[in-house]
Protein chains: 2
Amino acid sequence: MTGTRGYHHGDLRRVLLAAAVRVIEESGPAALSLRDLARRAGVSHAAPAHHFGDKSGLLTALATEGYRLLAEALHAAGGDLLDRGVAYVGFAVDHRAHFEVMFRPDLYRCDAHELVAARQRAGDALHSGVAALPEGRPTAQDPQGDALAAWSIVHGFATLWLSGALPPRVGDDPRAAARDVIHRLFPRP
Amino acid sequence: MTGTRGYHHGDLRRVLLAAAVRVIEESGPAALSLRDLARRAGVSHAAPAHHFGDKSGLLTALATEGYRLLAEALHAAGGDLLDRGVAYVGFAVDHRAHFEVMFRPDLYRCDAHELVAARQRAGDALHSGVAALPEGRPTAQDPQGDALAAWSIVHGFATLWLSGALPPRVGDDPRAAARDVIHRLFPRP
DNA sequence: GGCGTGAACTTGTCAATGGAAAGATATGAT
DNA sequence: ATCATATCTTTCCATTGACAAGTTCACGCC
C-alpha cells in the first residue's frame with residue numbers, strides 16, 4: 001500500500017530486489033551497484049543500506065528468495081524425477097538472476113539464517129525426487145549417489161545454458177534439451 | 001628474465017596473472033582489484049593497464065590461459081571418456097580461479113581472438129572423447145547428445161563442488177566422487 | 001658512440017562506488 | 001498530543017577503474 005510520493009517510499013525493499021534482478025539479468029552480478037538501484041527506485045543512494053545493511057545483504061536476500069522459488073518450482077513439478085530435473089533447468093532459465101547469485105557464495109553471506117533454511121528446503125525437494133525412482137534399477141542401493149548425479153547433470157546443463165557456452169545446435173528450448181539429457185542418465189523402462 | 005629491481009619489472013604480465021589467480025582462489029573474482037594486484041607486484045597502480053588495457057582485458061587473458069590448460073589436461077587424460085570427465089573435474093579443482101572466470105562471460109571479452117581459438121580446441125578435446133564410446137550402447141546414434149550429457153554432468157559436478165554446495169557426505173576426493181557420478185551416465189559393460 | 005623510436009612504467013587526476021555518520025521526516029502506539 | 005521507531009536524506013571518506021601526460025629504459029640504426 002502506498003504509491004505515495006512522500007518521504008517514505010513504502011515498498012523500497014521489494015522494488016530494490018526487483019531492480020537488482022533486472023540489472024543482473026541484463027549485465028550480470030558484477031555490474032550491480034547499490035547507487036544505481038537507488039537511482040532507479042528514485043531514492044537517495046544510502047536508502048538501500050537501511051533495508052539490507054550492505055551489498056552482500058541485498059544479495060543474501062536475493063539468494064534466499066531464489067531458494068524459496070526453487071523449492072516451490074520443484075514441488076510444483078510433481079513427483080517424477082525427470083519432471084523435477086526439467087523444472088530445475090526451467091527455474092534457472094526463468095530466474096537466471098536468482099540462480100546466478102545462489103551459487104556464488106563469495107557474493108553473499110551463506111550462513112544467514114533464513115537463507116540456510118530456504119536452501120535446506122530446496123535440497124530436500126531435490127532429494128525426495130530420487131526416492132520415487134523405480135526400485136529395480138541397477139543403482140537402487142545408492143539413492144544418494146543417484147541424487148548427486150541428477151543434481152550434477154541438471155545443474156551443469158543449466159549453468160552451461162546460462163553461460164552461453166552451448167553450441168547453437170542444441171536449439172532454443174532449454175526444457176526439451178534438458179529432458180533429453182536427463183533421460184540419458186535415468187533411461188525409462 | 002630479470003629479477004633486477006629497475007624501472008622495468010620485466011615479468012609483470014605473468015606476475016599479475018599469477019597474483020590474480022591467488023586472489024580469486026582466496027576471495028572470488030568479485031574481490032579482484034587491479035590496484036591490489038599492482039601493489040602485490042610492487043608496481044604503480046596504472047602499470048597493469050599497459051599489459052591488459054583494462055580489467056576485462058586481464059580476465060580475458062586469464063580465461064584464455066584457462067582454456068589452454070583445460071585442453072592440455074583433457075588430452076593428457078587419454079582417450080577414455082571416463083578419464084576425460086574426471087580430468088575435467090580435476091582441472092576445475094586444481095585451477096579453480098581459471099575455471100570460475102572461464103564460464104562468466106560477463107567478466108571478460110568472450111569474442112577475443114585468442115580466447116575463441118583456445119575455447120575451440122578445448123571443445124574439440126571434449127567432444128572427441130565421446131567418439132571413443134563403445135558402439136553397441138543404446139544412444140550410439142546421437143553422439144552429440146551424449147557429449148552434451150557428459151559435459152553437463154562433469155560441469156555440474158565441478159561447479160557444485162567449487163561452490164561448496166555439496167553435502168559433506170560426498171567426501172573430500174573430487175575425482176573419486178566424479179568418477180562415480182560419470183559412471184552412472186555411461187555404465188561400463 | 002650517439003640518436004631516436006617505442007615499450008614499460010610512474011604520477012596525477014577524475015568520476016563512480018561502497019560504506020559510515022548524523023540529521024530529517026513520517027508512522028503508529030499510547 | 002507525544003514520543004519511539006522505522007524510514008529516508010545529506011554529507012563525508014577511502015577505494016576503485018580509467019585516462020592523460022610525463023619519465024625511464026631497451027634496442028636497433030647510423
Side-chain angles (χ1 to χ4, degrees), chain A residues 1-20 22-24 26-63 101 104-109 112 114, chain B residues 1-24 26-63 101 104-109 112:
Chain A
M1 328 325 107
T2 58
T4 72
R5 293 274 150 188
Y7 193 92
H8 283 55
H9 184 285
D11 210 17
L12 226 204
R13 187 187 161 93
R14 203 161 310 183
V15 167
L16 288 175
L17 284 176
R22 228 178 323 142
V23 171
I24 295 175
E26 288 169 4
S27 321
L32 196 67
S33 146
L34 288 183
R35 289 170 115 99
D36 179 48
L37 295 184
R39 271 191 296 271
R40 290 171 186 243
V43 295
S44 82
H45 69 262
H50 178 74
H51 292 274
F52 302 104
D54 58 6
K55 194 173 185 176
S56 72
L58 186 142
L59 292 173
T60 303
L62 202 67
V101 173
R104 309 275 315 281
D106 57 310
L107 292 182
Y108 61 90
R109 287 185 279 274
E114 297 185 7
Chain B
M1 39 207 22
T2 56
T4 72
R5 292 276 151 190
Y7 193 92
H8 284 55
H9 184 287
D11 210 17
L12 226 204
R13 187 187 161 93
R14 201 162 311 182
V15 167
L16 287 175
L17 283 176
V21 166
R22 229 179 321 144
V23 170
I24 295 176
E26 288 169 4
S27 321
L32 196 68
S33 146
L34 288 183
R35 288 170 115 98
D36 179 49
L37 294 184
R39 273 191 295 272
R40 290 172 186 243
V43 295
S44 83
H45 68 260
H50 180 73
H51 291 276
F52 301 104
D54 58 5
K55 195 174 185 175
S56 72
L58 186 142
L59 292 172
T60 303
L62 203 67
V101 173
R104 308 274 315 282
D106 57 311
L107 292 182
Y108 61 90
R109 287 185 279 274

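At the heavy-atom level, A:A49 lies nowhere under 4.0 Å from the strands shown. Counting non-hydrogen atoms under 4.0 angstrom, A:L32 reaches the backbone sugars and phosphates but no base.
Distance, B:L37 CG to D:dT16 C1': 12 Å, rounded to whole Å. Spacing between atom CG of A:D54 and atom P of C:dG19 amounts to 5 Å, rounded to whole angstrom units. The distance from atom NZ of A:K55 to atom C1' of C:dA20 is 17 Å, rounded to the nearest whole Å. Rounded to a whole Å, the CG atom of B:L58 is 15 Å from the C1' atom of D:dT16. Put simply, CG on A:L34 is 11 Å from P on C:dA20, counting in whole angstrom units. Rounded to a whole Å, the CG atom of A:D11 is 12 Å from the P atom of D:dT7. In this structure, A:R39 places its CZ atom 17 Å from C1' of D:dC8, rounding to the nearest Å. Rounded to an integer number of Å, the gap from CG of A:L12 to P of D:dT9 is 8 Å.
For A:A46, whose side chain is taken as the heavy atoms from C-beta onward, the closest listed nucleotide among D:dT9, C:dA8, D:dG17 is D:dT9. Listed nucleotides D:dT9, D:dG17, C:dG19 differ in distance to B:R35; the shortest reach to its side chain belongs to D:dG17.
Contact between the side-chain N/O atoms of B:S33 and the OP1/OP2 oxygens of D:dG17 is found at a separation under 4.0 Å. Contact between the side-chain N/O atoms of B:H50 and the OP1/OP2 oxygens of C:dA8 is found at a separation under 4.0 Å. Distances shorter than 4.0 Å separate none of the side-chain N or O atoms of B:H45 from OP1 or OP2 on D:dT15.
When every heavy atom of A:S27 is checked against every heavy atom of B:D106, the shortest pair comes out as O-CB, 3.9 Å. What you find for B:I24 and B:P29 is that their closest heavy atoms are CG2-N, 3.9 Å. In plain terms, the two heavy atoms of B:A20 and B:L58 that are nearest each other are CB-CD2, 3.9 Å. A pairwise comparison of heavy atoms in B:L12 and B:H51 identifies CB-NE2, 3.6 Å as the closest pair.
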Determine, stepwise, if the pair B:L62 / B:Y108 fulfils side-chain contact (heavy atoms from CB on, under 4.5 Å). CA-CA 9 Å; B:L62 203 67; B:Y108 61 90; over 6 Å; no

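Comparing A:G42 and B:G53 along DNA chain D, the residue whose closest nucleotide (by nearest heavy atom) sits nearer the 5' end is A:G42.
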